[in-house]
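Below is one structure, written out as structure tokens; the observations come after it.
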Amino acid sequence: CPNQRLCAAGAAPDPAEAAELRARLRSVKHTVLVLSGKGGVGKSTFSALLARGLAARDDTQVALLDIDICGPSVPRMMGLEGEQVHQSGSGWSPVYVEENLGVMSVGFLLSSPDDAVIWRGPKKNGLIKQFLRDVDWGEVDYLIIDTPPGTSDEHLSIVQYLSAAHVDGAVIITTPQEVSLQDVRKEINFCRKVKLPIIGVVENMSGFICPKCKNESQIFPPTTGGAEKMCQNLNISLLGKVPLDPQIGKSCDKGQSFLAEVPESPATLSYRSIIQRIQEYCELQHSQEEKII
Amino acid sequence: MESLTTDHNELPRVRYTRSLPTPVPPADSVIRSNLAGVRHVLLVLSGKGGVGKSTVATELALALRLAGKRVGILDVDLCGPSIPRMLRVQDSAVHQCNSGWVPVFAHQDKSISLMSIGFLLEKPDDAVVWRGPKKNALIKQFVSDVAWGDLDFLIVDTPPGTSDEHISTVEALRPHKPLAAILVTTPQAVSVADVRRELTFCKKTGLRVLGIVENMSGFVCPHCSECTNIFSKGGGEELAKHAGVPFLGSVPLDPQLSQSLEDGRDFIQEFPKSSAFPALAHIAQQILDGTPRSS
Ligand SMILES: Nc1ncnc2c1ncn2[C@@H]1O[C@H](COP(=O)(O)OP(=O)(O)OP(=O)(O)O)[C@@H](O)[C@H]1O
Ligand SMILES: Nc1ncnc2c1ncn2[C@@H]1O[C@H](COP(=O)(O)OP(=O)(O)OP(=O)(O)O)[C@@H](O)[C@H]1O
Ligand SMILES: [Mg+2]
Ligand SMILES: [Mg+2]
Ligand SMILES: [Zn+2]
Ligand SMILES: [Zn+2]
């Protein structure tokens with residue numbers, strides 16, 4: 001079917017809507033989605049650190065969008081819990097961590113920590129569309145999008161709505177064990193189905209070094225060869241491996257940047273190198289596109 | 001609670017890649033008869049992903065089975081089914097009988113019945129790219145068309161969140177059986193915050209909460225016995241206190257547990273000396289104590 005991408009994504013946005021989305025997203029230079037078929041593998045942690053890492057350069061404007069509608073983690077991880085969204089003449093204003101790092105999440109629309117968002121697909125899709133159409137990000141170098149696990153409404157909708165814009169690709173997060181990889185391969189097939197380029201895979205929680213005796217334990221054992229083998233088999237880049245580090249969870253809970261708190265740790269060094277590879281990928285893609293134009 | 005009203009979308013034809021007999025839409029009486037032999041339905045829930053819902057569902061089934069109970073598992077995680085591998089039946093298929101779909105019988109002695117979308121896919125890596133209505137239709141079919149026979153416990157493994165799968169599962173099951181929920185969290189605040197929202201879901205849908213499990217709570221180094229709280233500690237217990245629901249126990253991070261789930265082995269029978277065993281056994285005991293023998 002020639003319209004497979006749109007068919008898979010349900011109804012195409014109507015032309016007026018697509019034009020609105022395109023107008024809003026024109027000010028975004030690069031878009032990166034953070035995906036995984038598996039829950040709890042570190043998508044939100046990675047999205048938050050990618051956004052912080054990119055925004056470490058004052059001249060880079062970064063937007064972090066959380067489309068996990070039922071389980072938003074980004075507000076807490078960015079130290080923005082309890083913040084509310086403000087309406088301005090030009091749309092919803094993101095909540096800013098720094099001048100060059102804005103965030104949007106359903107978490108900013110809830111009135112209490114007990115509020116559950118008990119919504120079926122259509123309402124979630126409606127909010128995601130609003131996030132893309134109505135949030136006034138300003139001129140942005142990077143739009144990072146954190147997603148829930150799976151291949152359902154949120155994923156189809158974001159791909160569909162972003163078809164009006166330029167998407168650099170997806171970063172896929174996994175952990176080393178097969179229980180996780182079996183879901184991640186589904187996510188990779190999803191990306192291929194909707195023609196979303198894959199920037200690469202991050203293997204997170206890959207081994208734990210005991211702080212006392214320095215021996216390594218495989219808490220989530222790579223019984224089928226881990227992300228490395230999967231990437232070889234599927235011909236995808238492995239962007240790097242990040243070990244388990246108790247400080248990561250602590251920094252997330254406190255809303256602080258792990259990269260800044262523990263700058264010399266093996267996990268930080270690994271995150272930094274992954275972030276750099278993503279940045280290089282995006283810049284290369286952009287310059288190639290400019291050449292074509 | 002307007003968001004909890006039934007989905008009146010016409011039932012889409014669920015298209016499987018593996019050819020599967022389409023059951024005749026059952027009358028209400030048939031639904032009753034397919035669930036009539038089920039005594040207790042337990043939902044394993046969490047707002048957070050990857051906290052160990054499927055692990056708890058699997059180990060609870062194994063422990064209840066060992067206690068002599070007849071156990072079934074309904075896996076409604078349609079985009080990321082884990083249970084077939086955790087019970088090493090990932091290559092099995094579902095068959096048709098007079099009263100509907102025959103579940104897959106797992107374990108050496110075939111004593112755990114299991115239904116999962118994993119059995120309906122042609123290739124294991126096929127992505128199930130479905131929006132809500134299709135997911136809801138399949139869940140309704142799972143509830144109405146699976147011939148469970150007589151079960152003491154039907155354990156329902158769910159994806160994270162409070163959306164289509166959860167609303168549909170509760171709506172489909174509730175008319176037939178009283179439902180109870182077990183909530184799983186890991187200790188850190190990021191996870192506890194999501195499980196707080198899941199508790200609200202339980203309250204709004206009138207689910208009885210049997211208790212909260214804190215999973216991945218501390219890791220004891222097998223080399224030097226030092227305990228590291230990789231994902232912090234105590235958050236689940238605190239939440240249980242705060243919410244006034246029973247705390248079922250803390251399950252530590254245990255590489256023998258993750259390894260046996262990778263291999264689809266019976267952790268409860270094979271590793272009674274490992275660090276996660278006492279907590280898992282204690283949780284199963286509390287479930288036995290908390291659910292009346294006769295219904
Ligand atoms: N390398 C790591 N070492 C230790 N803890 C980690 C690591 N990566 C992530 N974590 C912690 O693990 C938990 C799960 O991570 P996170 O919330 O980012 O996962 P997720 O994939 O976004 O989950 P969900 O599917 O629920 O959205 C968090 O508490 C996070 O702080
Ligand atoms: N106590 C534990 N010790 C070691 N590993 C564990 C423990 N609990 C769970 N795991 C492992 O962690 C991973 C995630 O667990 P599981 O798949 O059960 O989570 P889940 O909540 O069902 O995830 P999802 O949200 O994706 O459905 C699995 O590989 C599992 O084997
Ligand atoms: Mg997340
Ligand atoms: Mg699961
Ligand atoms: Zn088509
Ligand atoms: Zn040690």
Side-chain angles (χ1 to χ4, degrees), chain A residues 8 10 37-41 43-44 69-71 73 76-77 113-124 148-153 155-156 175 177-180 182-183 185-190 193-194 208 210-213 215 217-221 223-224 244-246 249-250 252-253, chain B residues 1 3-4 7 47-51 54 78-80 82 85-86 90 124-133 135-136 159-164 166-167 186 188-191 193-194 196-201 204-205 219 221-224 226 228-232 253 255 258-259 261-263:
Chain A
K38 182 73 185 146
V41 292
K43 293 175 291 298
S44 304
I69 309 295
C70 295
S73 307
R76 175 179 288 268
M77 290 183 181
D114 290 314
D115 271 8
V117 180
I118 306 172
W119 287 359
R120 291 186 180 273
K123 281 183 94 169
K124 296 192 287 190
T151 52
S152 192
D153 279 287
H155 311 85
L156 281 167
T175 48
Q177 76 279 31
E178 177 60 25
V179 167
S180 173
Q182 66 178 358
D183 291 350
R185 284 192 295 266
K186 289 176 194 282
E187 198 74 32
I188 291 169
N189 279 330
F190 166 80
K193 211 165 172 176
V194 299
F208 173 68
C210 172
K212 194 165 171 205
C213 73
N215 277 306
S217 293
Q218 296 298 336
I219 296 181
F220 303 118
T223 54
T224 54
L244 278 162
D245 183 335
K250 271 187 208 137
C252 283
D253 280 1
Chain B
M1 277 204 310
S3 53
L4 285 178
D7 202 330
K48 180 80 184 131
V51 294
S54 306
L78 305 182
C79 295
S82 303
R85 166 166 293 273
M86 290 179 168
Q90 63 269 33
D125 296 341
D126 282 346
V128 175
V129 188
W130 288 358
R131 289 186 180 275
K135 297 196 285 191
N136 302 332
T162 50
S163 191
D164 282 289
H166 312 83
I167 301 169
T186 48
Q188 45 327 10
V190 173
S191 172
D194 283 352
R196 247 178 109 166
R197 292 188 259 268
E198 199 74 33
L199 274 168
T200 303
F201 172 81
K204 284 200 171 173
T205 51
F219 171 69
C221 174
H223 307 281
C224 73
E226 171 83 355
T228 308
N229 294 326
I230 300 182
F231 299 119
S232 169
L253 276 164
S258 44
Q259 181 71 45
L261 290 161
E262 287 286 288
D263 305 337

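Just so it is clear: chains get the letters A, B, ... in the order the sequence lines come, proteins before strands, and each one is counted from 1.
When each of A/P149, A/G71, A/P122, A/G249 is scored by its heavy-atom pairs under 4.5 Å with chain B, the top score falls to A/G71. Heavy-atom pairs under 4.5 Å with chain B were tallied for A/S152, A/G37, A/G121; the largest tally goes to A/S152. Options A/V117, A/T223, A/I188, A/D115 differ in how many heavy-atom pairs under 4.5 Å they form with chain B, and the most are formed by A/T223. Of the listed residues B/S232, B/P255, B/C224, the one with more heavy-atom pairs under 4.5 angstrom with chain A than any other is B/C224. The candidate from B/E198, B/Q90, B/H166, B/Q259 with the greatest count of non-hydrogen atom pairs under 4.5 Å with chain A is B/Q259. The candidate from B/S82, B/A193, B/S54 with the greatest count of non-hydrogen atom pairs under 4.5 Å with chain A is B/S82. For the set A/D245, A/T224, A/D183, the count of heavy-atom pairs under 4.5 angstrom toward chain B peaks at A/D183.
Going from atom CD of A/E178 over to atom CZ of B/R85 covers 4.0 Å, rounded to the nearest 0.5 Å. Atom CZ of residue A/F208 and atom CG of residue B/L253 lie 9.0 Å apart, to the nearest 0.5 angstrom. Rounding to the nearest 0.5 angstrom, the gap separating the CZ atom in A/R120 from the CG atom in B/N136 is 4.5 Å. Remark: A/F190 CZ to A/L156 CG distance equals 5.0 Å, nearest 0.5 Å. Note: A/S217 OG to B/F219 CZ = 3.5 Å, rounded to the nearest 0.5 Å.
Heavy-atom distances place the side chain of A/K38, and not its backbone, under 4.5 Å from chain B. Only the backbone of B/P124 comes within contact range of chain A, with at least one heavy atom under 4.5 Å from a heavy atom of that chain. Both the backbone and the side chain of A/P221 come within contact range of chain B, with heavy atoms under 4.5 Å apart. If you measure heavy-atom distances from A/L244 to chain B, the contacts under 4.5 Å come from the side chain alone. For a residue to count as touching a neighbouring chain, one of its non-hydrogen atoms must lie under 4.5 Å from one of that chain's; by this rule A/K124 touches chain B with the side chain only. Heavy atoms closer than 4.5 Å to chain B are found in both the backbone and the side chain of A/D153. Both the backbone and the side chain of A/C213 come within contact range of chain B, with heavy atoms under 4.5 Å apart. Both the backbone and the side chain of B/V190 come within less than 4.5 Å of a heavy atom in chain A. In this structure, chain B has no heavy atom under 4.5 Å from any part of A/V41. Only the backbone of A/Q218 comes within contact range of chain B, with heavy atoms under 4.5 Å apart. Contacts of B/I230 with chain A are made by both backbone and side-chain atoms, with heavy-atom separations under 4.5 Å. Using a 4.5 Å cut-off between heavy atoms, B/D125 touches chain A through backbone and side chain atoms alike.
Of the N and O atoms on the side chains of A/K186 and A/T151, not one donor lies less than 3.5 Å from an acceptor on the other residue.
Across B/R196 and A/D114, no two heavy atoms sit closer than the pair NE-OD1, 2.7 Å. Among all heavy-atom pairs drawn from A/P148 and A/H155, the shortest one is O-NE2, 2.8 Å. When all heavy atoms of B/R197 and A/P113 are compared, the pair lying nearest together is CG-O, 3.9 Å.
Without hydrogens or angle criteria, B/T186 side chain to B/S191 main chain gives no donor-acceptor distance under 3.5 Å. The backbone N or O of A/K250 sits nowhere less than 3.5 Å from a side-chain atom of B/Q188 that would complete a donor-acceptor pair.
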